[in-house]
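Scroll down for the structure; my scribbles are underneath it.
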Amino acid sequence: DAGVTQSPTHLIKTRGQQVTLRCSPKSGHDTVSWYQQALGQGPQFIFQYYEEEERQRGNFPDRFSGHQFPNYSSELNVNALLLGDSALYLCASSYSGAADIQYFGAGTRLSVL
Amino acid sequence: GENVEQHPSTLSVQEGDSAVIKCTYSDSASNYFPWYKQELGKGPQLIIDIRSNVGEKKDQRIAVTLNKTAKHFSLHITETQPEDSAVYFCAAETSGTYKYIFGTGTRLKVLA
């Protein structure tokens, strides 16, 4: 049983570019959350997707957007990249019947130069 | 706003000793408190969790205690082993908000 998988593992972009990160949830899970983890910090909630809709959003600008597909996988898009967007982006999946418990993937390390 | 404070930021213990990490949350409506272990280059791994209707939960060498009145919860690791070395994060969630508020992490080093 595969856990939460994220791709790519590493990514290097330059300021102003756009990036798309991908996440496949754990088998049986229907809800995906995205977090940003800056170096040496705890993860910060970006948003959560359920039934292909954004259900909750953290304090992130509109440059951060997402999508959930019918197979429950999800994408995180970041436009107009800033140096400060450099971080580890984590995807977490959960089952709506036990929504509290979130399982994390290994993350995508984004470097913005 | 919602906030979770975590202490200490670093903790070194001798192998076999106990380690305690403490967190304080600000939202009195928080009702779910997971703990995660993050090893270098990996995502956070859930190691134990507790809900607000329970005061203590134990799983082998790991235990978590919750004091709702004081709004703090703690992770206890007994008989520490070198493989326990990692960064540990506490988090708090309020039912219906769908988001975790994480602490800033504790780097635990278990010295052999």
Side-chain angles (χ1 to χ4, degrees), chain A residues 2-7 9-10 21 23-26 29-51 53-60 66 68 74 87-109, chain B residues 1-10 21 23-27 29-54 57 59 64 66 73 75 86-107:
Chain A
V4 180
T5 58
Q6 293 186 241
S7 63
T9 54
H10 294 86
L21 311 181
C23 172
S24 292
K26 185 177 169 67
H29 286 187
D30 55 7
T31 303
V32 173
S33 302
W34 287 92
Y35 291 80
Q36 180 194 66
Q37 186 178 23
L39 203 60
Q41 299 295 317
Q44 299 287 318
F45 176 78
I46 302 174
F47 42 53
Q48 183 182 87
Y49 276 83
Y50 172 65
E51 292 188 338
E53 297 284 336
E54 182 183 291
R55 177 159 70 173
Q56 180 68 272
R57 188 178 184 92
N59 295 326
F60 280 80
Q68 185 179 34
S74 177
L88 181 67
Y89 288 85
L90 295 164
C91 171
S93 75
S94 54
Y95 169 56
S96 55
D100 290 351
I101 304 173
Q102 299 185 13
Y103 295 88
F104 284 81
T108 294
R109 172 73 63 187
Chain B
E2 305 139 322
N3 185 47
V4 174
E5 294 186 358
Q6 183 172 346
H7 299 282
S9 57
T10 60
I21 302 170
C23 290
T24 303
Y25 58 98
S26 61
D27 185 357
S30 295
N31 58 354
Y32 177 66
F33 307 92
W35 284 89
Y36 286 86
K37 175 184 181 182
Q38 188 172 26
E39 297 175 288
L40 197 62
K42 298 185 179 181
Q45 176 191 4
L46 179 68
I47 56 172
I48 197 167
D49 57 7
I50 193 168
R51 298 187 184 277
S52 59
N53 59 346
V54 175
K57 182 177 179 181
D59 182 5
V64 56
L66 172 65
F73 57 113
L75 177 71
V87 179
Y88 291 81
F89 290 97
C90 62
E93 190 210 20
T94 301
S95 182
T97 66
Y98 310 116
K99 62 181 179 181
Y100 288 173
I101 306 299
F102 278 88
T104 50
T106 295
R107 182 172 299 279

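Excluded from the calculations below are hydrogen atoms, water molecules and symmetry mates; all remaining heavy atoms, backbone and side chain alike, are included. Residue numbers begin at 1 in each chain, while the letters A, B, ... track the order of the sequences. None of these values were measured; they are calculated from a predicted model.
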Write down the atom of [X], the atom of [Y], and the distance for their closest heavy-atom approach.
X	Y	result
L88(A)	Q38(B)	CD2-NE2, 3.9 Å
G43(B)	L90(A)	CA-CD2, 4.2 Å
G105(A)	P44(B)	O-CD, 4.3 Å

Can you tell which part of [X] gets under 4.5 Å to a heavy atom of chain B, answering side chain, backbone, both or neither?
X	result
Q56(A)	side chain
Q102(A)	both
Y35(A)	side chain

What part of [X] lies closer than 4.5 angstrom to a heavy atom of chain A: side chain, backbone, both or neither?
X	value
Y98(B)	both
S9(B)	neither
R107(B)	neither

ring-ring contact (aromatic ring centres under 6.0 Å, His included) filter on Y95(A), not counting sequence neighbours, yields none

In this structure, CZ of F102(B) is separated from CD of Q37(A) (nearest 0.5 Å) by 8.0 Å

In this structure, CG of D100(A) is separated from CG of D49(B) (nearest 0.5 Å) by 8.5 Å

Item checked: Ring centroid separation Y100(B) to F45(A) under 6.0 Å -> no

Practice prompt. May I ask you to check whether over 12 heavy atoms, not counting those of Q36(A), lie within 6.0 Å of atom CD?
Written response: yes

Scored by heavy-atom pairs under 4.5 Å with chain B, the best of P43(A), G107(A), G40(A), C91(A) is P43(A)

Here the salt bridge (Lys or Arg N to Asp or Glu O under 4.0 Å) pairs for residues 95-105 of chain B, sequence neighbours left out, are E2(B)-K99(B)

